[in-house]
Amino acid sequence: MSRNVVSMFLLGATGYIGGSVLAVLQERFPGLKINALVRSDTHFEAIRAMGVTPIHGSFENQALITEHSARADVVLNAADSDDLNLTLSILRGMKQRYESGKPKGILIHTSGVAVFLDSGTTGVFDKNGKLWNDSEEDDIRSITPSMLHGHIDVPILNAGNEGYAHTYIVCPAAIVGPSLGPIGRSSFFVKAVVQMSLVNKRALYVGEGSNEFNIVHIDDVVDLYCRVFKLSTEEKGLQSFNPYTQYFIAASKSVSWREIATFAGASLYKRDILKRPEPLSVNFTDLPPYFAFLAASERIVAVRGEELGWAPRDVSLEGWFQANVDAVLEGLHVD
């Protein structure tokens, strides 16, 4: 490593993304000393077994989070993309570190491509809609607090712009694939689709279902985090650091919501969980507010990661549903 980066404070070590990142970071950067915030002491043994020091606490322990964010060379938050108090606690610690005369800390934050969802309500893909490109600085500067995850992304970008921390944001699409971490977790995306299908007794899409979502495999997400971490340790470019050029979308391919619903319905029907395999088209007004994303689209381009040598694989969503839905159902305690 070019910079003297030896310590990390990790949030999300027992989660799907954070645990997977932790496992691979330990392999690729064995000299890195990691402290991890862990809420439940039942997970301490699994975390210690990875050579990581558990710090007992929760997101509500703001003073503790600020303290460890000030101490660590790197803070990696893979725990929550929407908790403002958590984010502000981290940033307070990083500002304290800078004001104490220590080298600027590094923050690698996890956002999500839902920040780029359009306002569609018809389930129709708008091919002329806004195309968000992570290599276009103006696009990243256009993120506002009113956008999903934007109320977190904007303060982090501002912190990097103010100059008291070097900030990097990794923005994954919907993730599939088995967890690599110490605590087995399911993909939030697949779990949400399955739960939605169970609640409604059918897999759902809105209108014609041509609106598009983006997906990516967990292995590729982890690889991008490692590449961004390596980048953050290099001296090159730090004198003219620009947080708006350190925003990395992690996406492999786009799929329509009708495809997603079709794969989910077929998988659950095959297991006698649903009575019919074919998905059901509904109106936007029939959806509860927390399912509004079913009608919207994402139009995104992931370029920054490719500049670091990142090359995500093609993802077979149908194959992944068929092969792994059992683990999701087991986690939901569905027989």
Side-chain angles (χ1 to χ4, degrees), residues 10-25 76-82 108-117 132 134 148-149 152-153 168-197 212-229 247-257 259-261 263-264 267 293-294 296-302 304-306 308 310-332:
L10 174 62
L11 299 99
T14 61
Y16 176 61
I17 298 177
S20 298
V21 172
L22 171 61
V24 179
L25 274 176
L76 196 158
N77 179 16
D80 198 307
S81 301
D82 292 303
I108 302 175
H109 173 75
T110 305
S111 184
V113 296
V115 70
F116 302 120
L117 278 171
W132 297 86
D134 64 358
L148 189 62
H149 309 318
I152 305 298
D153 289 3
Y168 301 79
I169 296 178
V170 178
C171 188
I175 308 173
V176 300
S179 171
L180 307 174
I183 310 298
R185 303 290 189 189
S186 298
S187 156
F188 174 81
F189 162 67
V190 176
K191 184 164 63 174
V193 172
V194 169
Q195 283 180 312
M196 181 173 57
S197 302
E212 293 186 351
F213 229 51
N214 287 266
I215 59 174
V216 66
H217 196 279
I218 184 64
D219 292 355
D220 294 317
V221 173
V222 169
D223 181 58
L224 182 58
Y225 273 94
C226 289
R227 290 174 186 274
V228 170
F229 172 71
Y247 196 105
F248 299 85
I249 292 175
S252 171
K253 66 184 291 186
S254 60
V255 291
S256 73
W257 261 110
E259 289 179 278
I260 294 170
F263 299 151
S267 297
F293 63 88
L294 277 178
S297 289
E298 302 159 345
R299 295 191 71 228
I300 56 176
V301 179
R304 292 276 180 207
E306 293 179 0
L308 301 181
W310 187 63
R313 74 199 68 188
D314 187 28
V315 178
S316 170
L317 189 58
E318 179 180 16
W320 199 90
F321 264 111
Q322 291 291 354
N324 296 278
V325 75
D326 288 331
V328 175
L329 291 169
E330 183 180 349
L332 295 172

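Every heavy atom of this structure was used, including side-chain atoms; hydrogens, water molecules and symmetry mates were not. Starting from 1, each residue takes its place in the sequence as its number.
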* Only one of D134, V113, L117 clears side chain to side chain contact (heavy atoms under 4.5 Å, CB included) with I300; which? -> V113
* Please step through side chain to side chain contact (heavy atoms under 4.5 Å, CB included) for the pair D153 and Y247, ending with a clear verdict. => CA-CA 10 Å; D153 289 3; Y247 196 105; 2.8 Å; yes
As an exercise, state the distance from [atom1] of [X] to [atom2] of [Y], rounded to the nearest 0.5 Å.
X	Y	atom1	atom2	result
C226	L308	SG	CG	12.0 Å
W310	D223	CH2	CG	8.5 Å
S111	D82	OG	CG	8.0 Å
H149	I169	NE2	CD1	11.5 Å
S81	H109	OG	NE2	5.0 Å
E259	L317	CD	CG	8.0 Å

Distance-minimising heavy-atom pair for [X] and [Y]:
X	Y	value
V190	I175	CG2-O, 4.5 Å
L25	L76	CD1-CD1, 4.2 Å
N214	A251	CB-CB, 4.2 Å
R185	S179	O-CB, 3.3 Å
V170	V228	CG2-CG2, 4.2 Å
P312	S252	CB-CB, 4.2 Å

* **R304 vs I249, side chain to side chain contact (heavy atoms under 4.5 Å, CB included): CA-CA, chis, key distance, verdict** => CA-CA 7 Å; R304 292 276 180 207; I249 292 175; over 6 Å; no
* Asked: Got more than 12 heavy atoms from elsewhere within 6.0 Å of CD, Q195?
  -> yes
* Asked: Quick one: does V328's side chain get under 4.5 Å of S187's, heavy atoms only?
  -> no
* Side-chain contact, heavy-atom cut-off 4.5 Å: F229 with V21? -> no
* F188/Y16 under side chain to side chain contact (heavy atoms under 4.5 Å, CB included): CA gap, chis, key distance, verdict -> CA-CA 8 Å; F188 174 81; Y16 176 61; 5.8 Å; no
* Does any donor atom in the side chain of S20 or Y225 lie under 3.5 Å from an acceptor atom in the other side chain? -> no
* side chain to side chain contact (heavy atoms under 4.5 Å, CB included) partners for A174, two or more places apart -> F189, F213, I215
